[in-house]
Structures are given as structure tokens and as C-alpha cells.
S.K.: 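Could you have a look at this structure, given as C-alpha cells, before my questions?
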Amino acid sequence: MKKFYITAAIPYVNAKPHIGHALEYIQGDVIARYHNLLGDKTTYLSGGDENALKNVQAAEKAGVEIQKFVDQNSQAFKEMAEKLHVQFDVFFKGSDKERHYPATQKLWNLCDAAGDIYKKTYKGLYCVGCEAFYTPDELDENGECFEHPGKKLEEVEEENYFFRLSRYQEKLIQLIESDEYKITPTSRKNEVLSFLKQPLQDLSISRSNERARNWGVPVPEDPSQRIYVWFDALNIYQSGVGFGWDEEKYKEYWPADLHVIGKGIIRFHAIYLPAFLLSAGLQLSKALFVHEYITVEGKKMSKTVGNVLDPIPLAEEYGAETLRYYLLAKLSPFSDGDFSEEKFKETINADLANGLGNLVARVAKLCEQNQIKGVTRNLAMAKEVGSLIESYKLNEALGFIWGQITEADKKINEEKPWELSEEKVKPILEDLISRIQQIAFNLKPFLPETSEKIISQFSGTIKSQAPLFPRI
RNA sequence: CGCGGGGUAGAGCAGCGGUAGCUCGUGGGGCUCAUAAUCCCAAGGUCGUUGGUUCGAAUCCAACCCCCGCAACCA
């Protein structure tokens with residue numbers, strides 16, 4: 001049996017999840033469910049990036065104790081996944097001191113043993129507001145950061161540990177060019193390669209306790225420093241499946257077959273993560289799928305604009321599966337897509353109520369009237385759908401399935417089963433039943449609950465039932 | 001000269017070298033099994049502008065004009 005280990009990104013848990021997180025979870029879920037159907041031993045992981053300084057800041061602002069704060073927010077991510085029928089096999093927390101801390105220290109020690117970690121005095125411009133360093137070209141014309149105009153930056157000097165990223169530049173280019181580490185889509189692969197043509201700077205991978213507010217994984221044998229959050233967060237992909245605490249389990253799962261991420265964190269996944277793994281002498285992940293962002297009513301989501309969209313009320317009002325359908329069918333995986341409530345409703349009516357739901361209802365009624373039973377058959381995913389999922393073209397896969405729905409509708413109108421005698425109608429309805437069963441099976445990874453409902457409705461005695469998707 | 005994406009019917013999008021296509025909406029017709037559903041037909045576009053390459057360009061090249069992102073720690 002093949003194994004398939006897939007991950008969604010490990011989000012910062014400094015705020016509640018929004019619809020962008022939902023998109024990623026759902027995309028990964030479809031791919032995971034598809035591999036499950038193929039019979040692969042599939043594991044789908046996400047978790048909480050809990051050791052980031054941003055979490056400390058957000059907790060202070062909220063006046064909540066830090067551990068409690070990250071626990072609450074991680075829980076919100078987990079609950080969102082459940083509400084959207086996203087099944088994670090592992091949801092791993094960065095603040096897990098029993099298993100994750102030792103895992104990150106282990107990764108550190110491996111990189112250190114390879115001679116890739118060294119101490120250096122870092123001098124930089126520090127924005128107290130952001131609690132982050134900036135290079136001069138990242139600042140506005142007044143030499144101030146964009147978040148806190150009017151605030152002077154401090155010149156700070158601090159001793160940190162650095163990772164020799166520069167050492168892996170050539171190797172990374174080779175791995176990515178050859179698709180040994182396959183980045184999809186190609187435009188993103190090219191973006192990474194063009195970035196890799198410039199000299200890579202070594203990466204600061206620790207902070208003083210003072211700057212880290214004593215939060216995060218301590219540097220081994222130097223309790224005055226904490227490990228930089230990205231070195232730590234990326235390692236959740238490994239620690240979540242046993243790295244550092246159950247080597248046998250780890251060997252079973254690693255390397256990851258696919259990381260699903262958003263375009264904003266491509267450098268960490270395309271460059272840092274493989275570099276850390278190379279340094280530590282561990283196996284590299286096999287593939288990276290980079291999705292784009294959702295705009296809301298044509299605008300970028302942002303806290304200052306106040307248009308950050310929470311998927312949970314939408315799922316509660318319109319149904320989790322309708323939201324899954326919209327996000328999967330109506331957004332291109334490789335370019336930004338827009339969400340608006342109006343388009344969402346239009347899609348529910350046009351595709352789900354009038355399309356899928358109505359087809360199921362009309363065939364069910366015809367079967368009920370003619371007392372035709374559904375025979376349970378062995379089904380397999382249509383190969384067109386499978387290959388579209390494997391190339392992450394989830395919207396096209398659903399387009400293909402909706403083509404099958406249209407065909408079935410046409411067939412009914414052509415054959416006019418309501419005019420036919422009992423003997424003549426039987427083969428026609430049996431053909432329609434098998435079409436619907438096939439459609440339902442193809443839908444399994446996308447709309448798992450709907451798929452189940454249809455399959456059970458068309459097994460044995462078939463009865464007309466309440467609409468799958470009422471018009472709204 | 002920072003990097004990238006985009007400008008195609010009323011709206012939203014696909015096509016990316018060879019008679020302009022999809023969804024929604026609109027108009028007409030058919031059907032009655034179905035959730036005012038479904039099926040058929042029709043109207044509607046000088047494919048951002050200008051120039052070039054080509055037998056032929058929405059599709060390639062150049063310049064320009066407008067949108068929108070990103071610019072090492074933001075899904």
C-alpha cells in the first residue's frame with residue numbers, strides 16, 4: 001500500500017481563521033480524500049504556528065494569557081475545519097512541549113552538526129511597533145516602516161544564530177529545476193528560480209529572549225535565545241508525524257508528498273524548508289502546490305478595510321457543502337479569485353439547486369413512480385476527474401462532473417421517460433441511475449456529505465426526498 | 001529602469017496562431033418527471049490603444065494607457 005502524506009500550511013494563530021484559510025483546508029481535503037479513495041494510506045496534517053511573536057503581541061492586546069490565547073485560536077481553526085467537513089488526521093500544536101519542542105531542537109542540532117549554524121552580530125533597523133527588523137529598501141521615503149509611519153526606527157545590535165542558507169543555493173536550483181521538488185504552478189516555480197539567481201543571504205534563526213518575550217522553543221545549550229519561528233513552524237510538518245519523538249512513525253510518513261500553501265509563504269516552503277532538510281540530512285518533501293488568494297467583493301481582504309470574511313457564518317447559513325462547492329468550482333487554483341455573497345447565492349441556485357439537486361429529484365421521482373430499484377455497483381472515479389485532481393485543477397474537475405449532469409438532463413428530455421410504458425422505461429431509468437451513481441462517486445472528494453446522501457438515496461428502493469439544495 | 005497578474009458580449013470568466021466560447025442575466029419556443037425546474041433557439045463582442053511579424057493574431061513582438069497584487073517572516 002502506498003502512503004500519501006499531505007499538509008496544509010500551519011497558520012499563525014494570532015487571529016481567527018478567515019475564508020482564505022478555509023480555501024486551503026478544503027483544497028487539501030479534496031486531494032487527501034481523493035488519495036484515500038485510491039486506497040493510499042493517507043495522512044492530512046495541519047496545526048497551529050503558536051510560537052510566533054505576533055501571537056504574544058496579539059495576546060497582550062487582548063489581555064489574555066499567551067498559552068490560553070493560542071489554545072483558543074488554534075481551537076477555532078480546528079473547529080472551522082470540522083464545520084467545513086475537512087478531515088485532518090493530525091492537528092499539531094507548536095506549543096506542544098512534549099513532542100514539538102524536542103523535535104525542533106533535534107532539527108537545530110542536526111543543522112548545527114552539519115556546520116550550518118553560526119553566531120553573528122546582527123545590526124539592523126528595528127521597528128518597535130512591528131517588533132521586526134527591516135532593511136532600508138523595505139521602508140518608505142522617510143525611512144519609516146509602512147505600518148507605523150512617524151515612528152523612528154532604532155538601530156539595534158544583537159547577537160543571533162544564523163543559518164548558512166547561501167550554502168544550499170546551487171543545490172536548491174537543481175532540485176527545483178529538475179522537479180525533484182516539484183512546484184506547481186510553473187509560474188511560481190519560475191518565480192522561485194529567479195529569486196534563487198540572486199545571492200542568498202544567510203538567515204537569522206534565533207532571537208534574544210527579550211525580543212522573543214521568552215516565548216518559543218529555546219536554543220539548545222543557549223537559554224538566552226529562542227528559535228526563530230519559521231525554523232520552528234516548518235518543522236511541524238515533521239514533528240506532527242513523529243520526528244523527534246517517534247522515529248518509527250516518522251519513517252513511515254516522511255517525506256511529505258505534498259505541501260499545500262498560499263502564495264505569501266512560498267519562500268519559506270520553496271527555499272528555507274528544503275535547505276533546512278538538506279542541512280539536517282533528512283529527506284526532502286516531494287511537491288509544493290501554491291494557491292492564490294481570495295478577494296472579497298473585488299477587494300483584498302484586510303483588517304483595516306474590515307472586510308475579512310469569516311467562513312463559519314456562511315457555512316451555517318448556506319451549508320458547508322455549498323461553500324466547499326463555491327470555493328472549489330468558482331475559483332481558479334492558480335489565480336486570485338473573488339468571493340461575493342451575490343455570486344455565491346447565484347452559484348447555489350444555478351449549479352446546486354437547479355443542476356445537481358434538480359437532476360437527483362427528477363430521476364428519484366421517476367424511479368419511485370415506476371418502482372425501479374437502485375443496484376449497488378462497484379464504482380471508480382472517472383479518470384478525467386482523477387487526472388484533473390492530480391494536477392490540482394479542482395475547478396476543472398468539477399466542470400467535468402457538471403458536464404455529466406447536463407448530459408443526464410438532456411438525456412431525460414430526449415427520452416421522455418414519463419411518456420413510456422413500463423418495459424420501455426426500465427432500461428432508461430437504470431441508465432440514469434447509474435449515471436447519477438457515477439456522478440455521486442466522482443463528487444466524493446469534493447462534496448462528501450452530498451455524495452453520501454445521493455448514493456444512499458439511489459440504493460435499493462428509491463424514493464423522492466426533500467431537496468438536496470433548496471433554492472434561495 | 002524593482003517583480004508579477006490582468007484588461008474578451010450587460011455582469012463574471014475561459015480560450016492564448018487558423019471560422020469568437022462558457023456561466024448568469026435578457027427575448028422566443030418546447031416539455032411537464034423535477035426545486036418558477038429542465039431542454040432547444042435567438043439577440044448581444046471592431047477580444048484596452050497604436051504599430052509590427054505572418055497567407056492568417058484575442059492568441060506572437062514592441063510601445064503606450066488603465067486596474068490589481070507582491071517587494072524575505074502576510075493563506
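Naming: A, B, ... by sequence-line order, numbering from 1 per chain.
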S.K.: Please classify the nucleic acid contact of A:E419 as base, sugar-phosphate, or nothing, using heavy-atom distances under 4.0 Å.
M.R.: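 Since only primed, P, OP1 and OP2 atoms lie under 4.0 Å of A:E419, the category is sugar-phosphate.
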
S.K.: Kindly state whether the ring of A:Y118 and the ring of A:Y161 have centres lying under 6.0 angstrom apart.
M.R.: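 Here the rings of A:Y161 and A:Y118 have centres that are no less than 6.0 Å from each other.
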
S.K.: What's A:L366 touching, base or sugar-phosphate or nothing? Going by heavy atoms closer than 4.0 Å.
M.R.: base

S.K.: Which part of the nucleic acid, if any, lies within reach of A:A350 when heavy atoms closer than 4.0 Å are counted: base, sugar-phosphate only, or nothing?
M.R.: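 Sugar-phosphate, no base atom in range.
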
S.K.: Would you please confirm or rule out a distance under 4.0 Å between OP1 or OP2 of B:C40 and any side-chain N or O of A:K410?
M.R.: yes

S.K.: Between B:A72, B:C39, B:U35, which one does the side chain of A:L468 approach most closely?
M.R.: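 Looking only at heavy atoms from C-beta outward on A:L468, the closest nucleotide is B:U35.
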
S.K.: What's the closest nucleotide to the A:N358 side chain, out of B:C33, B:U35, B:C39?
M.R.: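 Nearest to the side chain of A:N358 among the choices is B:U35.
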
S.K.: Could you work out the separation of B:U38 and B:U50 based on their C1' atoms and round it to a whole Å?
M.R.: 48 Å

S.K.: Does the aromatic ring of A:Y293 sit over the six-membered base ring of B:G69, closer than 5.5 Å centre to centre and tilted less than 30°?
M.R.: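 No, the aromatic ring of A:Y293 does not stack with the base.
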
S.K.: Figure out the CD1/P separation between A:I348 and B:G12, and round it to whole Å.
M.R.: 20 Å

S.K.: Find the distance between CG (A:D49) and OH (A:Y12) and round it off to the nearest 0.5 Å.
M.R.: 6.0 Å

S.K.: Give the rounded distance in Å between these two atoms: CG of A:D232 and C1' of B:C73.
M.R.: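 Answer to the nearest Å: 13 Å.
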
S.K.: Contact class for A:Y25 (heavy atom, under 4.0 Å): base, sugar-phosphate, or nothing?
M.R.: nothing

S.K.: Describe the nucleic acid contact of A:Y12 in one word from base, sugar-phosphate, nothing, applying a heavy-atom distance below 4.0 Å.
M.R.: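 Sugar-phosphate, no base atom in range.
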
S.K.: If we ignore angles and hydrogens, is there a donor and acceptor under 3.5 Å between the side chains of A:Y326 and A:E321?
M.R.: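 No, no side-chain donor-acceptor pair sits under 3.5 Å.
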
S.K.: So what does A:K263 hit on the nucleic acid, given a heavy-atom distance under 4.0 Å: a base, only sugar-phosphate, or nothing?
M.R.: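 Sugar-phosphate: the residue A:K263, judged by heavy atoms under 4.0 Å, touches backbone atoms but no base.
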
S.K.: Nearest-Å distance, CD (A:E346) to C1' (B:C22)?
M.R.: 13 Å

S.K.: Looking across every strand, which nucleic acid part, if any, lies under 4.0 Å from A:G262 by heavy atom: base, sugar-phosphate, or nothing?
M.R.: sugar-phosphate

S.K.: For the pair A:H21 and A:H18, name the ring-plane relationship: parallel under 30°, tilted 30 to 60°, perpendicular over 60°.
M.R.: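 The rings of A:H21 and A:H18 sit tilted, inter-plane angle from 30° to 60°.
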
S.K.: Would you mind pulling out the nucleotide paired to B:C64, Watson-Crick or G-U wobble, both distances under 3.5 Å?
M.R.: B:G48

S.K.: Rounding to an integer number of angstrom, what distance separates B:A57 and B:C16 when you compare their C1' atoms?
M.R.: 10 Å

S.K.: If B:U32 has a Watson-Crick or G-U wobble mate with both distances under 3.5 Å, name it; if not, just say none.
M.R.: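 B:U32 is paired with nothing.
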
S.K.: So, for A:H269 and A:Y237, is the gap between ring centers shorter than 6.0 Å?
M.R.: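 Under 6.0 Å, so yes.
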
S.K.: Classify the nucleic acid contact of A:L23 as base, sugar-phosphate or nothing, counting any heavy atom under 4.0 Å across all strands shown.
M.R.: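 A:L23: no heavy atom of the nucleic acid under 4.0 Å.
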
S.K.: Using a heavy-atom cut-off of under 4.0 Å over every strand shown, decide if A:P417 touches base, sugar-phosphate, or nothing.
M.R.: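 The answer is nothing, as A:P417 stays clear of every strand by at least 4.0 Å.
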
S.K.: Would you say A:W230 stacks on B:C73, if stacking means ring centres under 5.5 Å apart and planes within less than 30 degrees?
M.R.: no

S.K.: Base, sugar-phosphate or nothing for A:I19? Non-hydrogen atoms, less than 4.0 Å.
M.R.: nothing

S.K.: Does the base of B:C73 carry an N or O that pairs as donor and acceptor with the side chain of A:Y228 under 3.5 Å?
M.R.: yes

S.K.: Would you kindly compare A:P470 and A:D351 by the position of their nearest RNA chain B nucleotide and give the one closer to the 5′ end?
M.R.: A:D351

S.K.: To the nearest angstrom, how far is A:E191 atom CD from B:A71 atom P?
M.R.: 10 Å

S.K.: Distance check, C1' atoms only: B:C13 and B:G6, in whole angstrom units.
M.R.: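 Pairwise C1' distance, B:C13 against B:G6, rounds to 12 Å.
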
S.K.: Roughly how far apart, to the nearest Å, are B:G15 and B:A72 at atom C1'?
M.R.: 36 Å

S.K.: Write down the partner of B:C24 under the Watson-Crick or G-U wobble criteria, each distance required to be under 3.5 Å.
M.R.: B:G10

S.K.: P atom, B:C1 versus B:C64: distance in rounded Å?
M.R.: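 About 16 Å, rounded to a whole number of Å.
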
S.K.: Assess the pair A:W108 and A:F231: is the distance between their ring centroids shorter than 6.0 Å?
M.R.: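 Judged by ring-centre distance (under 6.0 Å), A:W108 and A:F231 do meet the cut-off.
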
S.K.: For this output row, return yes or no: ring centroids of A:F446 and A:Y325 closer than 6.0 angstrom.
M.R.: no

S.K.: Determine the contact category for A:N354: base if any of its heavy atoms lies under 4.0 Å from a base atom, sugar-phosphate if only primed atoms, P, OP1 or OP2 are that close, otherwise nothing.
M.R.: sugar-phosphate

